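Let me begin by presenting the structure, written as structure tokens, before commenting on it.
Residues take their numbers from the sequence shown, with the count starting at 1. Here the structure is a predicted model, which is why all the values come from computation and not from measurement.
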Amino acid sequence: MFGLGKLLYVVVLTINGIAVLSEDRFLNRIGWGSKANINNPNMQFNQFSTGDMMMNSNNNDGSIKVKLINLISAIRTLMRIPLIAINILIILYELILG
């Protein structure tokens, strides 16, 4: 039976999968890395950036691909430490109550 516990497992495993994607080995090769978008002429960049091409935050005409690249980058940056704690809790739960 499919319950909230299984849904939690699916969400955690999906976020784990996104968090471990290697930008150098995988994402840049398929054109989804943050470095691969620097040469894209359709992307608008902030004119006040200092050397590192930061995207303009009020870019409303961004494509779905750009939004997904930003989502992957945010998950890899922000969720790395909380995922360690969540994974430990799930492993302990499975070991104790399995």
Side-chain angles (χ1 to χ4, degrees):
M1 181 84 16
F2 189 74
L4 290 178
K6 299 292 182 184
L7 182 63
L8 176 69
Y9 288 168
V10 169
V11 169
V12 170
L13 286 173
T14 304
I15 294 174
N16 277 330
I18 293 171
V20 300
L21 287 175
S22 174
E23 189 165 348
D24 294 333
R25 299 172 101 193
F26 179 70
L27 293 175
N28 283 337
R29 288 186 183 177
I30 63 170
W32 281 57
S34 59
K35 296 175 188 171
N37 293 320
I38 292 175
N39 297 327
N40 189 352
N42 295 328
M43 290 179 54
Q44 297 178 359
F45 294 100
N46 189 351
Q47 62 181 348
F48 301 110
S49 65
T50 57
D52 54 329
M53 307 286 276
M54 296 180 62
M55 286 198 342
N56 194 356
S57 61
N58 60 3
N59 185 9
N60 293 330
D61 61 338
S63 67
I64 294 175
K65 180 180 175 182
V66 172
K67 291 178 182 180
L68 285 174
I69 292 170
N70 289 336
L71 177 66
I72 290 171
S73 176
I75 288 174
R76 292 180 68 228
T77 303
L78 299 174
M79 292 299 293
R80 189 165 286 167
I81 301 300
L83 272 175
I84 294 171
I86 293 169
N87 285 324
I88 289 172
L89 289 175
I90 289 176
I91 290 169
L92 289 176
Y93 173 77
E94 286 294 325
L95 285 174
I96 294 170
L97 300 175

Notebook entry, point to check: Is it true that Ile81 and Val11 fall in one hydrophobic cluster, defined by side-chain heavy atoms closer than 4.5 Å?
Noted result: no
Margin query: Run the side-chain contact (heavy atoms from CB on, under 4.5 Å) test against Leu8 and tell me which residues pass, sequence neighbours left out.
Written below: Val12
Margin query: Can you tell me if Leu4 has over 12 outside heavy atoms packed within less than 6.0 Å of its CG?
Written below: no
Check: What's the spacing between Ile91 CD1 and Ile86 CD1 if we round to 0.5 Å?
Finding: 12.0 Å
Note to self: I'd like to check the side chain to side chain donor-acceptor pair (under 3.5 Å) partners of Tyr93; sequence neighbours left out, ordered by chain and number.
What the structure shows: none
Notebook entry, point to check: CG of Leu7: more than 12 outside heavy atoms within 6.0 angstrom?
Noted result: yes
Item checked: Atom pair CG/CD1 of Leu95 and Ile90 - distance to nearest 0.5 Å -> 12.0 Å
Next item on the list: Find the distance between CD1 (Ile64) and CG (Leu71) and round it off to the nearest 0.5 Å.
Entry: 12.5 Å
Item checked: Spacing of CG belonging to Leu21 relative to CD1 belonging to Ile72, to within rounding of 0.5 Å -> 6.5 Å
Item checked: Pairing residues for Leu89 by the side-chain contact (heavy atoms from CB on, under 4.5 Å) criterion, not counting sequence neighbours -> none
Checklist line | Residues in side-chain contact (heavy atoms from CB on, under 4.5 Å) contact with Thr14, at least two apart in sequence or another chain | finding: Val10, Ile18
Margin query: With salt bridge (Lys or Arg N to Asp or Glu O under 4.0 Å) as the rule and sequence neighbours excluded, what pairs involving residues 89-98 come up?
Written below: none
Item checked: Of all pairs that satisfy salt bridge (Lys or Arg N to Asp or Glu O under 4.0 Å), the ones with a partner from residues 74-93, not counting sequence neighbours -> Glu23-Arg76
Notebook entry, point to check: Which pair of non-hydrogen atoms, one from Ala19 and one from Ile75, has the smallest distance, and what is that distance?
Noted result: N-CG2, 4.4 Å
